[in-house]
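This report refers to the structure that appears directly beneath it.
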2 protein chains.
Amino acid sequence: MLTHAAEDYLKSIYKLQEKGGKVSTGILAEHLEVKPASATGMIKKLKTMKLVRYERYRGVTLTAAGKAIALEIIRHHRLLELYLFKALGIPWDGVHEEAEKLEHVISEDVEARMDEFLGYPTADPHGAPIPDKNGVVTQTASIPMTDLQNGQSCVVAEVSDNDSALLRHLGSFNLYPGTAFRVIEVAPFEGPFTIDIAGQQVVIGREVAKHVFVDQVQDPDNV
Amino acid sequence: MLTHAAEDYLKSIYKLQEKGGKVSTGILAEHLEVKPASATGMIKKLKTMKLVRYERYRGVTLTAAGKAIALEIIRHHRLLELYLFKALGIPWDGVHEEAEKLEHVISEDVEARMDEFLGYPTADPHGAPIPDKNGVVTQTASIPMTDLQNGQSCVVAEVSDNDSALLRHLGSFNLYPGTAFRVIEVAPFEGPFTIDIAGQQVVIGREVAKHVFVDQVQDPDNV
DNA sequence: TATATAATTTAGGCATGCCTAAATTAGTTT
DNA sequence: AAACTAATTTAGGCATGCCTAAATTATATA
């Protein structure tokens, strides 16, 4: 069995690989809130376990085995988030932190039963996809809210899950995954977004909008 | 915050204190499946934290602070067992092991919500009392099944929770806490017990009976 | 009371995983 | 191409918590 730390490293490498591409020691260390020297050490250990590929000064890549473990942990995490949210009513800005601790510790049996209870869901409370038992991720093609134009309508697909204050802020506007809204106006010069959610007019700052991803974009139909 | 290991030590010390009285390094080590030398080391650490009293070669005792932490962990453990059993349907012979890992990791918030979901229960699936938020334990006065005489009726109050095979065995007879049964015959010379559970006649070995504790004992009323 | 036995403690070692500080390598600039 | 800067790695240290082996203390027995 792997240590929790090793699992965290694999998870971070996976996520960084998804976003950026090349995963350097420094980026990885920053993501894990650890010093680069510590990351180097763990990377070497993971290499001996054949969970990553690694050449010094060249960055890390997950092997198939490493990716499988990363996806398993991510599945634990996201199922837990949704379970805590739906079954226990933990607010969505708290489930991430909670799941972070539990993900390393739940058995496959508990996971399977949560999965069943939830009806085999495909997304967590923040809209992130839940990998299935075989590690297959069904990605939805979403775009950042900051790409929207005046008048366009859309549905929230996903929001960043790791900033509790941001989530509370979004929650106060009902900006949950699945919520539809329409852009009333994008202020010029990188300004804020004024949007219409269920009749309510709301202003969303640009920095906040960067963390919101949307789906089902439609141009204004009053043309 | 305490480490998981320290919490486990406090929990074990509490349990041994309840049963036997004096808690020696050796007994503690055995209970934790650790070598005595390791126990000595941790005991010293707990002493510097003022969680235990300790004089070398004299055994350990919990301070008020140490007891409070032990009870908190035990509360986590037992609430988790009951939650896993009732909310997720994990079989009662599996919940102990699962809770053992989770107890160190759940937040007070999650605990409070499980408590609410369960309706503020006072006993876990094995009949062990769940301490309340303030660490108050409501002990029920039960006696070992091996003290029963021919013809006596009673209700199962509690069973040992740490032997999975034993629990499956008891479960196959429906010998859960709350189940009533009547002793048909106690075989002489430390022999097995023949009992009547809901009309079914069942033979329970002495070694098994030692792990079953009963309540509400009544003498035969056909006198 | 002296001694044998059993329990406990001390000493020293190992693995994990973090850190800081110094050395090395890569990449960029002149 | 040399030199500078930034990233990375190596070296050495620390805390946790386990272990074995040896020394010590307590206790029971003769």
Side-chain angles (χ1 to χ4, degrees), chain A residues 1-17 19-62 66 69-70 73 100-101 103-105, chain B residues 1-17 19-62 66 69-70 73 100-101 103-105:
Chain A
M1 222 1 206
L2 283 187
T3 62
H4 298 181
E7 289 179 347
D8 281 335
Y9 273 83
L10 293 174
K11 192 175 59 155
S12 285
I13 295 166
Y14 177 84
K15 288 188 177 177
L16 292 169
Q17 219 170 245
K19 296 208 189 213
K22 182 177 301 180
V23 180
S24 67
T25 303
I27 295 284
L28 179 58
E30 189 189 20
H31 196 255
L32 285 158
E33 295 181 89
V34 140
K35 300 297 168 193
S38 305
T40 301
M42 179 61 86
I43 289 167
K44 283 180 170 177
K45 200 164 300 171
L46 294 173
K47 185 180 179 173
T48 71
M49 298 187 236
K50 308 219 177 181
L51 298 174
V52 301
R53 284 173 224 99
Y54 171 65
E55 295 302 329
R56 59 212 232 302
Y57 295 98
R58 290 276 106 118
V60 231
T61 314
L62 292 178
I69 294 172
I73 303 298
E100 204 69 25
K101 298 176 299 183
E103 66 189 9
H104 303 293
V105 144
Chain B
M1 219 4 204
L2 284 186
T3 62
H4 297 181
E7 290 179 346
D8 280 336
Y9 274 84
L10 293 174
K11 192 174 60 157
S12 284
I13 295 166
Y14 177 84
K15 288 188 176 177
L16 292 169
Q17 220 170 245
K19 297 209 188 214
K22 182 178 302 180
V23 180
S24 67
T25 304
I27 295 285
L28 180 58
E30 188 188 20
H31 195 256
L32 285 159
E33 296 182 89
V34 140
K35 300 298 168 192
S38 304
T40 301
M42 181 60 87
I43 288 167
K44 284 181 172 177
K45 200 164 300 172
L46 293 173
K47 184 181 180 173
T48 71
M49 297 186 237
K50 310 220 177 181
L51 298 173
V52 301
R53 282 173 226 100
Y54 171 66
E55 294 302 328
R56 60 212 230 304
Y57 294 98
R58 291 275 107 117
V60 231
T61 315
L62 291 178
I69 294 172
I73 303 297
E100 204 68 26
K101 298 176 297 182
E103 65 189 11
H104 303 293
V105 144

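First the proteins, then the strands, lettered A, B, ... as listed; each starts at 1.
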For the helix from dT1(C)-dA30(D) to dT30(C)-dA1(D), what angle lies between the axis at the first five pairs and the axis at the last five pairs, to 10 degrees?
-> 20°

What residues, two or more places apart in sequence or in another chain, satisfy side-chain contact (heavy atoms from CB on, under 4.5 Å) together with [X]?
X	result
Glu55(B)	Lys47(B), Arg58(B)
Lys44(B)	Thr40(B), Tyr54(B)
Lys101(A)	Glu98(A), Val105(B), Ser107(B)
Lys50(B)	none

Assess whether atom [atom1] of [X] is packed by more than 12 heavy atoms of other residues, nucleotides or ligands within 6.0 Å.
X	atom1	value
Arg53(A)	CZ	yes
Lys15(B)	NZ	yes
Gln17(A)	CD	yes

Heteroatom pairs (N/O) under 3.5 angstrom, protein to nucleotides 26-28 of chain C:
none

When you measure from every atom of DNA chain D, which of residues 36-46 of chain A have a heavy atom less than 4.0 Å away?
-> Pro36(A), Ala37(A), Thr40(A), Lys44(A)

Outermost nucleotides of DNA chain D that come under 4.0 Å of a non-hydrogen atom of chain A | dT8(D) to dT10(D)

How far does CD1 of Ile69(B) sit from CE of Met49(B), to the nearest 0.5 angstrom?
-> 8.5 Å

Picking from Val52(A), Leu51(A), Val23(A), what satisfies side-chain contact (heavy atoms from CB on, under 4.5 Å) with Leu62(A)?
-> Val52(A)

Name the atoms and distances for all side-chain donor-acceptor pairs under 3.5 Å in residues 2-12 of chain A, with sequence neighbours left out.
unit_1, atom_1, unit_2, atom_2, d
Thr3(A), OG1, Ala6(A), N, 3.2
Glu7(A), OE1, His104(A), ND1, 2.6
Asp8(A), OD1, His104(A), NE2, 2.9
Lys11(A), NZ, Glu100(A), OE2, 2.7
Lys11(A), NZ, Glu103(A), OE1, 3.3
Lys11(A), NZ, Glu103(A), OE2, 2.6
Ser12(A), OG, Asp8(A), O, 3.3
Ser12(A), OG, His31(A), ND1, 2.9

Closest non-hydrogen atoms of Ala29(B) and Ala39(B), given as atom of the first, atom of the second and distance, are CB-CB, 4.0 Å

Are side-chain heavy atoms of Ile43(A) and Leu28(A) found at a separation under 4.5 Å?
-> yes

